[in-house]
J.: 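This structure is in structure tokens; I'll ask about it shortly.
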Amino acid sequence: MDVIQWQRQHRDHQASMFREGFLDDQFIQLQKLQDETSPDFVIEVITMFFADSENLINNMKQALEQTPVDFRQVDAHVHQYKGSSASVGAARVKNVCVTFRNFCDAQNLEGCARCLQQLQHEYSLLKSNLQHLFGLQQQIQAAGGSIPTIE
């Protein structure tokens, strides 16, 4: 496969991530912060997001397993995750967090448990899609090409 094909795959994959709601315009803003002085900026930020995501999801899971459940503690973790997902443009993850917070406010354990499952699922899909996107970027860069951008 040549650079042009990888660039086309990259452009198509990224466009599908926007179309399917995985990403929003904040991701484009993040990409605009990347330049020659920090060529791996987006990958570094998203790698930190992945680590934070796994910690926060684990914290939510543990908090929901407590008896009695401290819904304020659960909500604090969800609120933090909502903020970090919004800052990287992870739209579907952020949207689940909004619903999750509503269940925390209502102290609805069943609703919170469903949201946690949905959050784990959305995070897994997002991570897989972004890893594929970054893999394409690495192939493009290794072949001497430039990363296509979406405006």
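Worth knowing before you read on, the calculation uses all heavy atoms, side chains too, and leaves out hydrogens, waters and symmetry mates. Here, residue 1 is the first one in the sequence, and each next residue gets the next number.
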J.: Quick one, Asp2 with Gln5, criterion side chain to side chain contact (heavy atoms under 4.5 Å, CB included). Give me CA distance, side-chain angles, the key distance, then yes/no.
T.: CA-CA 5 Å; Asp2 67 358; Gln5 288 173 314; 3.2 Å; yes
J.: Rounded to the nearest 0.5 Å, what separation is found between the CD atom of Glu44 and the CE atom of Met48?
T.: 7.0 Å
J.: Look up atom CZ in Arg101 and atom OH in Tyr81, then write down how far apart they are to the nearest 0.5 Å.
T.: 15.0 Å
J.: Are a donor atom and an acceptor atom from the side chains of Gln14 and Gln31 found within less than 3.5 Å of each other?
T.: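 Short answer, yes.
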J.: Calculate, to the nearest 0.5 Å, the distance between atoms OG1 and NZ belonging to Thr99 and Lys94 respectively.
T.: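 Separation between the atoms: 11.5 Å.
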J.: Please determine whether the number of non-hydrogen atoms from other residues, nucleotides or ligands lying under 6.0 Å from atom CD of Glu110 exceeds 12.
T.: no
J.: Return the minimal non-hydrogen interatomic distance between Val3 and Gly145, and the atom names on each side.
T.: CG1-CA, 3.8 Å
J.: Which atom names give the shortest non-hydrogen contact between Ser146 and Gln7, and what distance separates them?
T.: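 Heavy atoms only, the tightest pair is O-NE2, 2.7 Å.
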J.: Which heavy atom of Cys104 sits nearest a heavy atom of Phe71, and at what distance?
T.: O-CB, 3.7 Å
J.: Using 0.5 Å steps for rounding, measure from the CD atom of Gln66 to the CD atom of Gln73.
T.: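 Here the interatomic distance stands at 7.0 Å.
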J.: Is any side-chain heavy atom of Phe27 less than 4.5 Å from a side-chain heavy atom of Val42?
T.: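 Side chain of Phe27 against side chain of Val42, heavy atoms only: contact under 4.5 Å found.
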J.: Compare all side-chain heavy atoms of Arg92 with those of Leu125 and state whether any distance is below 4.5 angstrom.
T.: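 Touching, per the 4.5 Å side-chain cut-off.
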J.: Would you name the heavy atoms of Trp6 and Ala143 that are closest together and state the gap between them?
T.: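 For Trp6 versus Ala143, the nearest heavy atoms are CZ3-CB, 3.8 Å.
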J.: Side chains of Ser85 and Phe49: does their closest heavy-atom pair fall under 4.5 Å?
T.: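 Yes, side chains in contact.
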J.: Quickly, which of Lys82, Lys127, Glu122 forms a side-chain contact (heavy atoms from CB on, under 4.5 Å) with Val93? Name it, please.
T.: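 Only one option passes, and that is Glu122.
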J.: Is any side-chain heavy atom of Leu23 closer than 4.5 Å to a side-chain heavy atom of Leu126?
T.: yes
J.: Using a 6.0 Å cut-off, check whether atom NE2 of His132 has over 12 heavy atoms from anything other than its own residue.
T.: yes
J.: Let me confirm one number: the CG-CD distance from Asn59 to Gln80, rounded to the nearest 0.5 Å.
T.: 8.0 Å
J.: Decide yes or no for Ile43 and Gln34: does some side-chain heavy atom of the first lie under 4.5 Å from some side-chain heavy atom of the second?
T.: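 No; the side chains remain at least 4.5 Å from each other.
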J.: Let me confirm one number: the CZ-NE2 distance from Arg72 to His79, rounded to the nearest 0.5 Å.
T.: 15.0 Å
J.: Is any side-chain heavy atom of His13 less than 4.5 Å from a side-chain heavy atom of Met17?
T.: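 Touching, per the 4.5 Å side-chain cut-off.
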J.: Side chains of Tyr123 and Phe50: does their closest heavy-atom pair fall under 4.5 Å?
T.: yes
J.: Mind checking whether Phe103 and Ile57 sit in one hydrophobic cluster, side chains of I, L, V, M, F, W, Y counted as touching below 4.5 Å?
T.: no
J.: Could you tell me whether the side chain of Phe18 reaches within less than 4.5 Å of the side chain of Ile28, counting heavy atoms only?
T.: yes
J.: Give me the atom names and distance for the closest heavy-atom approach of Leu116 to Met60.
T.: CD1-CB, 4.0 Å
J.: Any idea which heavy atoms bring His77 and Ala63 closest together, and the distance?
T.: CD2-CB, 4.4 Å
